[in-house]
Protein chains: 2
Amino acid sequence: MPSSKPTSVTMDAVYAAPGYLFRRMQQIAVALFVEECKAFDLTPVQYAALVAISTHPGIDATRLSAVIAFDRSTLGNVIERLEAKEFITRKPTLEDRRVKLLYLTKAGAAALDNIMPSVEKAQARMLQPLKPADRKTLLALLTQLVDLNNEASRVPLRAEDALEHLGKSG
Amino acid sequence: MPSSKPTSVTMDAVYAAPGYLFRRMQQIAVALFVEECKAFDLTPVQYAALVAISTHPGIDATRLSAVIAFDRSTLGNVIERLEAKEFITRKPTLEDRRVKLLYLTKAGAAALDNIMPSVEKAQARMLQPLKPADRKTLLALLTQLVDLNNEASRVPLRAEDALEHLGKSG
DNA sequence: TCCATATTGTCAGTATGCTGTCAATCTCAA
DNA sequence: TTGAGATTGACAGCATACTGACAATATGGA
């Protein structure tokens, strides 16, 4: 039974690794979102962006990326697609000719209203298999962990950044 | 306070949604993995594939996709890259001319040995911010949830599939 | 004012992930 | 044995994600 080779990794070790479990849950979460929301032509990412733009009308792309913890590069394409669907508009500003401010269109606002119940159903389904008490525990620990690990990701969440554009001319 | 408009979503609702938290933790987990393992030229996905091939020498791509819960399409590219790095080899078989069996090369086995400590360090860092007891709780709930939601993802985990190829000629 | 520096949106390149399709091949029942 | 149906690897197309670079523009100090 003993061997001269280094201890080899087993699949069980992989299955028990937090990184593997997070990847798997992300996979599952997206699948459930897509299944519940397929009628609305919005991905989870596009949905989050839409909510942020709805909450912060006139935000610019860089600020938006901080508010939803998205890479700036990735966000460019997301914005492009949301604009193609006519859910948002991009308006240049005279104050700073580099930035383009983002606004929800009527269609975008309507889409948001319509999709909400399905999003909530998807979110509920993710935790459904757990007992209610366990759901609360998991959610609390996860929230805590994401917050404490915020700086570890390339694009940390900066919810406050959303307010910056208000102070510019106000 | 009452309004004729539908209740609008807030960012706080997004931040508290399990789907958002899972996406965020996945982001963080990958960032930590890459940071710890950047010297080894292996992504988390490539690492998992390598472990599975190491554990199941002579597995084919379809079986492999079931063992690590990966889309078959995606896996093709992953295998391609692992082959380009000469960490694995693909060998056609006479029994079934459609399949190509996967084997670790010496370089692949060495890479796996070398990267292991860094992988473990990355995995540990993900949960580091939590109290030890909370880490155990989170891990247990997460394992449970992933298992119970297994069928929800497009590519459910089928760990047993790995053994199928053994029965063929044995 | 002018210039070093920073910021903004964009782009190219790489790597997951998913849907859907296809040709080659295998299997099994009629 | 043969032909319908399943399986396999491959591919095209779309949508995240990240790295690194770039031109246009802004900003603040010398």
Side-chain angles (χ1 to χ4, degrees), chain A residues 19 23-24 26-35 38 41-49 59-66 68-85 90-102 152-156 161 164-165 168, chain B residues 19 23-24 26-35 38 41-49 59-66 68-85 90-102 153-155 161 164-165 168:
Chain A
R23 181 176 68 76
R24 199 79 187 89
Q26 153 75 0
Q27 237 178 349
I28 290 164
V30 171
L32 289 175
F33 186 104
V34 168
E35 188 181 325
K38 59 174 172 290
D41 191 27
L42 271 182
T43 67
V45 163
Q46 289 166 15
Y47 169 77
I59 198 173
D60 62 284
T62 297
R63 223 77 45 212
L64 179 59
S65 91
I68 53 183
F70 256 56
D71 196 83
R72 226 157 40 107
S73 301
T74 306
L75 196 57
N77 303 325
V78 176
I79 288 174
E80 213 170 88
R81 282 186 275 274
L82 284 176
E83 203 182 15
K85 292 175 187 175
R90 254 191 292 201
K91 289 183 190 160
T93 165
L94 297 177
E95 294 173 20
D96 187 335
R97 280 188 295 174
R98 290 171 305 179
V99 314
K100 297 175 184 173
L101 306 183
L102 304 170
S153 73
R154 151 122 157 166
V155 187
D161 278 20
E164 263 179 36
H165 66 118
K168 287 279 176 69
Chain B
R23 181 175 68 74
R24 199 79 187 87
Q26 154 74 0
Q27 240 177 347
I28 290 164
V30 171
L32 289 175
F33 186 104
V34 168
E35 188 182 325
K38 57 174 174 287
D41 192 25
L42 271 183
T43 66
V45 163
Q46 289 166 14
Y47 169 77
I59 197 172
D60 63 284
T62 297
R63 223 79 43 216
L64 180 59
S65 92
I68 53 181
F70 256 56
D71 196 83
R72 226 158 38 109
S73 301
T74 306
L75 196 56
N77 302 324
V78 176
I79 288 174
E80 214 171 88
R81 282 186 275 274
L82 284 176
E83 203 181 16
K85 292 175 188 176
R90 255 191 293 200
K91 289 184 192 159
T93 165
L94 297 178
E95 294 173 21
D96 187 336
R97 279 187 296 174
R98 291 170 304 178
V99 313
K100 296 176 184 172
L101 306 184
L102 304 171
S153 73
R154 151 120 160 165
V155 188
D161 278 20
E164 262 178 38
H165 67 117
K168 287 276 178 70

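Every heavy atom of this structure was used, including side-chain atoms; hydrogens, water molecules and symmetry mates were not. So you know, we letter chains A, B, ... as the sequences are listed, proteins then strands, and number each from 1.
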Here the distance between atom C1' of D:dT16 and atom CG of A:Asp71, to the nearest Å, is 10 Å

Which nucleotide in the list D:dA17, D:dA10, C:dG9 gets nearest to the side chain of A:Asp60?
C:dG9

Looking only at non-hydrogen atoms, find the nearest pair between A:Arg23 and B:Gln26 and report the distance.
CA-OE1, 3.1 Å

Can you give me the N/O atom pairs linking the protein to nucleotides 21-25 of chain D at distances under 3.5 Å, or say none if there are none?
| residue | atom | partner | partner atom | Å |
| --- | --- | --- | --- | --- |
| D:dT25 | O2 | A:Arg98 | NH1 | 3.4 |

With side chains defined as the heavy atoms from C-beta onward, is the minimum distance between B:Leu82 and B:Leu102 less than 4.5 Å?
no

Residues two or more places apart in sequence or in another chain: which of them pass side-chain contact (heavy atoms from CB on, under 4.5 Å) with B:Arg97?
none

Can you give me the closest heavy-atom contact between A:Phe33 and A:Leu42, atom names plus distance?
CE2-O, 3.5 Å

Per B:Val99 side chain, nearest of listed nucleotides D:dT8, C:dT16, C:dT8:
D:dT8

Keeping B:Lys38 on the side-chain end and B:Glu35 on the backbone end, is there a donor-acceptor pair under 3.5 Å?
yes

Closest to the A:Arg63 side chain: D:dT8, C:dT8, C:dC18?
C:dT8

Rounded to the Å, how far apart are B:Leu102 CG and D:dT8 P?
13 Å

Taking for each residue the nucleotide of DNA chain D with the nearest heavy atom, is it B:Gln27 or A:Asp41 whose nucleotide lies nearer the 5' end?
A:Asp41

Nucleotide nearest A:Gln46 when distance is taken to its side chain, options D:dA15, C:dG9, C:dG17:
D:dA15

Gap between atoms CZ and P, on B:Arg81 and C:dG17 respectively (whole Å):
10 Å

Winner on side-chain proximity to B:Thr43, out of C:dT16, C:dT10, D:dA15, is C:dT16

Between B:Arg90 and A:Val155, which has a closest nucleotide on DNA chain D that is more 5'?
B:Arg90

Which pair of non-hydrogen atoms, one from B:Ser65 and one from B:Val155, has the smallest distance, and what is that distance?
O-CG1, 3.9 Å

Could you tell me the separation between the NZ atom of A:Lys38 and the P atom of D:dA15, rounded to a whole number of Å?
18 Å

For B:Arg72, all residues meeting side chain to side chain donor-acceptor pair (under 3.5 Å), sequence neighbours excluded:
none

5' priority, DNA chain C, between A:Arg23 and A:Glu80 [closest heavy atom]
A:Glu80

